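Structure first, then comments.
The residues of the chain are indexed from 1 along the displayed sequence. All of these numbers come straight from a predicted model, not from anything done at the bench. Just so you know, these numbers use all the heavy atoms, side chains as well, and skip hydrogens, waters and symmetry mates.
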Amino acid sequence: MTDEERALRLELIESCRAMNRLGINKGTSGNISVRHGDGFLISPTGIPYDKLQPEHVVAMNWDATYAGEVQPSSEWRFHRDILQARPDLNAVVHTHSTHATALSVLGRDIPAIHYVIAAAGGSSIRCAPYELFGTQELADRVVEALEGRRACLMAHHGVIAAHANIARALALAVTVEELARQYLLCLPLGEPPVLSDEQIAEVLVKFKTYGQQSSAALEGLRQAS
């Protein structure tokens with residue numbers, strides 16, 4: 001294991017623990033993957049996050065083979081298929097966050113109630129139809145729901161957020177949960193007004209230059225931290 005791979009495994013483990021600290025997951029119900037080498041790294045099935053060690057993280061090939069006795073997450077299929085279908089995405093975070101999962105039970109998409117929905121890539125966060133967890137059918141539905149998006153819900157299941165790296169995917173999962181909570185708070189008063197596709201398109205353009213963009217600025221932030 002190279003130093004680079006070990007660092008990536010440690011980041012994946014810390015992010016699994018962060019999901020629970022952030023309140024967007026309980027126990028070991030969520031899972032995380034990240035593109036690496038000729039395949040991807042993925043959290044294992046059934047091992048408590050506080051017990052995870054770098055060697056527990058499973059290195060999978062695109063053909064679903066892996067070495068060792070530690071088994072990957074039961075959801076490896078949608079992790080693999082997302083990463084294969086979307087070269088723009090390098091990490092996938094799956095959670096069972098409370099409010100987003102509640103909306104998934106209702107089979108509802110999250111509409112553009114707030115401009116920050118553009119962080120998921122468009123004017124809505126779709127809800128994929130229900131399929132049994134861990135199946136190829138679910139993976140197929142998820143890839144469809146993520147077309148042109150970086151996040152989706154899964155009916156009667158939970159949330160998927162994907163991005164360029166683990167940190168951004170995790171941050172997006174938090175954003176999805178907050179949007180779901182806001183939407184549920186609005187619904188008792190009726191279906192809320194939403195931003196138009198044109199308004200969200202403006203936000204998407206604005207997001208391209210939002211925050212610290214230059215490599216020099218980002219390096220300065222890294223050194224300061």
Side-chain angles (χ1 to χ4, degrees), residues 1 5-84 89-102 104-105 128-143 145-146 151-163 165-167 169-174 176-177 180:
M1 185 188 306
E5 181 177 343
R6 182 177 179 82
L8 199 55
R9 287 170 179 255
L10 288 170
E11 182 184 4
L12 188 151
I13 290 169
E14 174 54 30
S15 298
C16 284
R17 295 169 180 165
M19 288 195 298
N20 287 5
R21 288 199 306 270
L22 291 165
I24 60 171
N25 201 65
K26 303 291 184 182
T28 61
S29 59
N31 32 74
I32 296 177
S33 68
V34 61
R35 193 187 301 275
H36 178 69
D38 294 327
F40 60 103
L41 303 175
I42 188 167
S43 52
T45 185
I47 301 179
Y49 295 154
D50 61 353
K51 303 295 185 184
L52 284 179
Q53 298 297 321
E55 59 268 22
H56 293 144
V57 175
V58 181
M60 295 195 74
N61 302 308
W62 298 123
D63 64 2
T65 59
Y66 60 93
E69 297 182 358
V70 179
Q71 297 181 29
S73 165
S74 61
E75 302 289 15
W76 63 264
R77 287 177 177 83
F78 69 58
H79 285 271
R80 178 196 62 183
D81 288 4
I82 292 167
L83 293 173
Q84 282 196 302
L89 305 175
N90 294 317
V92 179
V93 170
H94 166 47
T95 81
H96 291 181
S97 57
T98 301
H99 298 88
T101 301
S104 84
V105 171
Y130 176 78
E131 297 287 355
L132 181 64
F133 76 94
T135 61
Q136 187 59 50
E137 289 79 9
L138 177 59
D140 293 343
R141 294 288 196 175
V142 162
V143 170
L146 284 173
C152 72
L153 307 183
M154 296 178 287
H156 302 274
H157 190 157
V159 179
I160 291 174
H163 220 299
N165 55 48
I166 296 175
L170 182 61
L172 181 56
V174 173
V176 173
E177 171 62 7

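Residues P48 and G46 come closest through the heavy atom pair CD-O, 3.7 Å. Across all their heavy atoms, G27 and N20 have their closest contact at O-ND2, 3.1 Å. Across all non-hydrogen atoms, the minimal contact from V93 to A173 is CG1-CB, 4.1 Å. Y49 and S29 make their closest contact through OH-N, 4.2 Å (heavy atoms, listed as atom of the first residue, atom of the second, distance). The two residues P54 and I13 come nearest to each other via the heavy atoms N-CD1, 3.6 Å. Minimum heavy-atom separation, L172 to A151: CD2-CB, 4.1 Å.
Using a 4.5 Å heavy-atom threshold, the side chains of T135 and R77 count as separate. A 4.5 Å side-chain heavy-atom check between T98 and E177 finds at least one atom pair inside the cut-off. Between V176 and L153, some side-chain heavy-atom pair lies under the 4.5 Å cut-off. The shortest side-chain heavy-atom distance between F78 and R141 does not fall under the 4.5 Å cut-off. Put simply, the side chain of V92 reaches to within 4.5 Å of the side chain of L83, judged on heavy atoms.
Residues meeting the side chain to side chain contact (heavy atoms under 4.5 Å, CB included) test with E5, sequence neighbours left out: M1, T2, R9, H36, L41. Listed by chain and residue number, Q84, Q136, A139, D140, V143 satisfy the side chain to side chain contact (heavy atoms under 4.5 Å, CB included) test with D81 (two or more places apart in sequence, or in another chain). For Y130, the side chain to side chain contact (heavy atoms under 4.5 Å, CB included) partners two or more places apart in sequence, or in a different chain, are L132, A155, H156.
We find the NE2-CG distance between H79 and N31 to be 3.5 Å, quoted to the nearest 0.5 Å. One finds the CG atom of D50 at 11.5 Å from the SG atom of C16 (value rounded to the nearest 0.5 Å). Distance CD1/I42 to CE/M60: 6.5 Å, rounded to 0.5 Å. Taking CD1 from I160 and CG from L138, the interatomic distance works out to 6.5 Å, rounded to the nearest 0.5 Å. Annotation: the span from S15 atom OG to I32 atom CD1 amounts to 5.0 Å, rounded to 0.5 Å. Rounded to the nearest 0.5 Å, atoms OG1 (T95) and CD1 (I24) are 5.0 Å apart.
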side-chain contact (heavy atoms from CB on, under 4.5 Å) assessment of V142 paired with I82
CA-CA 8 Å; V142 162; I82 292 167; 3.7 Å; yes
Give the intermediate values and the outcome of side-chain contact (heavy atoms from CB on, under 4.5 Å) for residues M19 and L170.
CA-CA 8 Å; M19 288 195 298; L170 182 61; 3.6 Å; yes
side-chain contact (heavy atoms from CB on, under 4.5 Å) evaluation trace for H96 with N25
CA-CA 5 Å; H96 291 181; N25 201 65; 4.2 Å; yes
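With N61 contributing its side chain and D63 its backbone, the two residues share no donor-acceptor pair below 3.5 Å.
Ring-centre distance between H157 and H94: below the 6.0 Å cut-off.
Surrounding CZ of R17 are more than 12 heavy atoms belonging to other residues, nucleotides or ligands, all under 6.0 Å away. Residue-environment remark: CG (D38) stays at or below the threshold of 12 foreign heavy atoms within 6.0 Å.
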